[in-house]
Structures are given as C-alpha cells and as structure tokens.
There are 2 protein chains.
Amino acid sequence: MKRIADSTVRRLSIYLRFLEDFEKRGIATISSDELAARGGTTSAQVRKDLSFFGSFGKRGLGYSVAELSARLRQILGLEREWQVVIIGAGKIGAALAQYHGFAQRGFRIVAVYDSDPAKVGRSVDGLVIRSLDSLPEEAKRHPPDIAVLAVPATAAQEVADMVVKSGIRAILNFAPQQLQVPETVAVKAVNMAMELEGLSFALTNG
Amino acid sequence: MKRIADSTVRRLSIYLRFLEDFEKRGIATISSDELAARGGTTSAQVRKDLSFFGSFGKRGLGYSVAELSARLRQILGLEREWQVVIIGAGKIGAALAQYHGFAQRGFRIVAVYDSDPAKVGRSVDGLVIRSLDSLPEEAKRHPPDIAVLAVPATAAQEVADMVVKSGIRAILNFAPQQLQVPETVAVKAVNMAMELEGLSFALTNG
DNA sequence: TTGGACTTGTGAATTTCTTCACAAGTTATC
DNA sequence: GATAACTTGTGAAGAAATTCACAAGTCCAA
C-alpha cells in the first residue's frame, strides 16, 4: 500500500468522530460536503483521503454512515482492543489513568508504572502502581501494545529505550522531549508546551 | 510578513527547547546540523525555518546559543507573560491547573472555571473554582489571553462561543471536538484520542 | 423515458513544503 | 597571507499535499 500521510490519518480520525455522532442521531447517509464542513476541510479533501483506501460512496447519494464508519474503524485498526500501559504516575499519568474516555474507544489501560518507590503499591483508579523495573519482565508475559509516557523530560529518553527493549512498538509521549527510537517503533507526541507556544506566536504575529 | 507555516512554528519550539538545554550546559555555539540531529530534521530545514525571520548565524561557525534562543523567544512571543484561564475543573482541568510546567514557561494560570455548582467554590492548587457564568464579566476587567478548554465534547462548542464572546483570542482545546470559531481566534487542539488512533493505524498498517 | 439535481472518484493543475547545491563568509593553522 | 576545513543563507529543484474540474453514476419527478 502507498504510504499514507499523517495528516490523512488525523483527518480520518476526525471524520470517524462525526460519523459516530451521526450514527447515534440515526442519520443514514452523508455527503463529502457535510463531512468537510464539520471537519474544517473541503469535500475534495475528504474524497481524496478516502480514495487511498477504496471507494465507499454512491454517486449522487453520498456515503452510508454505518458503512463508512465501519470501514474507518477497520482502517484505523479500531476493531480490536489495544493494551495500554501508562508510565509515570504523577499528575498527568494519574489523570490519564482515571480518564475513562480511552477505554471507551478500545484503548484499555492494563497497568501503571512508576520508578518512585514511594508511589509503587498505591493505586490509581483501581490499578496498583508497579515498579518500572518490573516492566521488561511483565511485558514478556503480557505484551502491551502501546506505552504512554508521562514522565519528566529528563527521564523520557531512558524510559523510551526501556519501553523499546521490552518489545513495545508504539509510544504516546507526553514529555516535552524529542524521542530517538528505531523506525519500527511508532511515536506520537502530545506536547502542550508546544501548542501553547504556537498560540503565543499566533497572538504575537496575528 | 509572509505567512509562516504551522510546521515551522512547531519546529522553532523544538529548537528552542534544545537551545535552552545547551544554554544550561554552557555551550556557546551550535550548528544547524547539530540542531537538526536532535530535532529529527535536516540542517537545510533548520536554516530555512530561521531564514523566514532573519539571519542569525555566522558562516563557518554556526549560531550563538544565547542569541538564537533569545531571538526564538522573541519570535514566539515568549518574552511576556500570558494570562491563561482553564475552563472545566474535571480530571484533565484539575491536572492542568496543578501542572506547574506552564507557569515556568510564562503561561500563568489566573483562574479556573466550571459550570457545575458543586465544584464552584472549591479550590485547585490555590485557585478557587469560579462559576462559568461569571467569565464574560470577569474577562472584561482582567482580559485573559488564552482559554484552555477541558470540558466534555458535548459542551465544547458552546463554551468556545462564550470564550470568543468574552474577547479571548486563543484557545487550547482538549475536548475531542472540532471547534468552529472566527478566523481571528487561534485554536490549537490537543487530542489524545486522535493520537492514539494514529498509533493504532501505525500498528495495524505497519 | 427523459431531464434535472446531486454527488462521487480521480487525473491534472496548483500550491505548499522540503531538500539540494553552492556561493560567500569565518576561523584556524602554518 | 595562503590554504584548508567549516558553516550559513538562499535561489532552484524536487516532492508532497491540496484543490480543481469534470466524466460518470444515482435518484426522483413528471
């Protein structure tokens, strides 16, 4: 398959959110135009994005909401459940562990790790915090799919190395630190500082 | 000034982070090559990014770490303090309010709002939670620069409208919901669900 | 059955972003 | 001061992403 751009995948994710909303409201079909209006893009963009994966619409009519959302879930790999571990039980890590929105979308938090002995043994939202040292061993028995890094920037690279060595192939990084990983490992960063600086730039040069 | 791409601004933010790190370690100069290696890009990209704003380097030598980081802070508008309000005192909102990393980078959290009367009056990290109804009035007296939206997706658009009416011109949106705002208002989204779905896609089609 | 109103899917055109490649400037060494 | 080793800044080339524009398919009403 031709390589799909990141921006395309992000938009698919947005489209899916609307489709699920429409599904709930019992709307049967939707046009690329309607989808575009809500996603802040153009109808041509919507059609082009979908065309990488096949042709799902009916000319003159649009797309079946149920069918298209099923296809998008399939494309995005959301038909299965993903096992997620959170590393770092600080403010952010704890908030994420308690945020049930993940589980609703098939991302199941199976463990929380921290390197601070004072935190190990306590529990967050029903999950006992485990020692980070035990990750490689435990990952062997129950391999997690995704590691969420909620550790200080200074520790991020070291933890990432450990995660990679444990065989985990996807990382969601909350630390404001660029990670160096093998290209077989997928990394997405959530960087609030960067987004705020983007706003600062916009306000300054607006 | 020519319009600057989002991707460029994001990279400037990344460069700045490294430069501050180098500054702390007492390194005086750095080349575009070194900057690129750490930022996961190319030296040509670094130089091109900077060239939109002027020429800050010395041929044969590289960039003065102190000078370049000062210029980047200036470009990104980080020389002043920004007044930030957090809207929504749930898990995410509360975690953000307690996260002191923002203040360190000049984003000062001045108030937390919530529409739930049960939460109003309590305090988070020394800030009393105020009623969302009072935002427009209070924003008149002390205009905030940035609103952080940490509300449920269903309420996000409504809250955004209120924020815009209150004269706030920048929004950091944590709700998994595309916001419709006038183009004079800058919006950045932090969408964890979307990032996770991006990882899901990568794992599925990897 | 025909005509009109829609809407998709997709090559081609366009725009935007990234990389190349090199002249020009700087420093260090002998 | 001549030479070698670097490195920047930037037009030009190349690649990638977006938008255009239209043939082709669908539906509906008369």
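- If B:Leu50 and A:Thr8 are placed on DNA chain D by their nearest nucleotide, the residue sitting closer to the 5' end is B:Leu50.
- Of the residues near DNA chain C, A:Ser43 and B:Thr42, the one whose nearest nucleotide (by heavy atom distance) lies more toward the 5' end is A:Ser43.
- Taking side-chain N and O atoms only, A:Gln45 has no distance below 4.0 Å to OP1 or OP2 of D:dA17.
- In 5' to 3' order, the nucleotides of DNA chain C bounding all contacts with chain B (an atom under 4.0 Å from a heavy atom) are C:dC17 to C:dT26.
- A distance of 8.5 Å separates CG of A:Leu16 from CG of A:Leu68, quoted to the nearest 0.5 Å.
- One finds a salt bridge joining A:Arg25 and A:Asp21 here, because a Lys/Arg side-chain nitrogen approaches an Asp/Glu carboxylate oxygen to under 4.0 Å.
- Within residues 19-38 of chain B, no residue has a heavy atom under 4.0 Å from DNA chain C.
- Within a 6.0 Å sphere centred on NZ of B:Lys91, other residues, nucleotides and ligands contribute 12 heavy atoms or fewer.
- Using modelled atom types, one finds a donor on one side chain and an acceptor on the other under 3.5 Å when comparing B:Glu197 with A:Ser13.
- When the shell of 6.0 Å around CZ of B:Arg108 is examined, it contains 12 or fewer heavy atoms from other residues, nucleotides or ligands.
- Side-chain polar atoms of B:Asp161 and B:Gln157 form a donor-acceptor pair below 3.5 angstrom.
- Using modelled atom types and a 3.5 Å distance limit, the side chains of B:Ser31 and B:Glu34 yield a donor-acceptor pair.
- Summarising the geometry, atom CD belonging to A:Gln178 is positioned 4.0 Å from atom CD1 belonging to B:Ile14; distances are rounded to the nearest 0.5 Å.
- Open room surrounds CD on A:Glu158; 12 or fewer heavy atoms of other groups in view lie less than 6.0 Å from it.
- There is a side-chain donor-acceptor pair under 3.5 Å between B:Asp49 and B:Gln45.
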B/S/- contact track for nucleotides 24-30 of chain D, protein heavy atom under 4.0 Å: BBS----
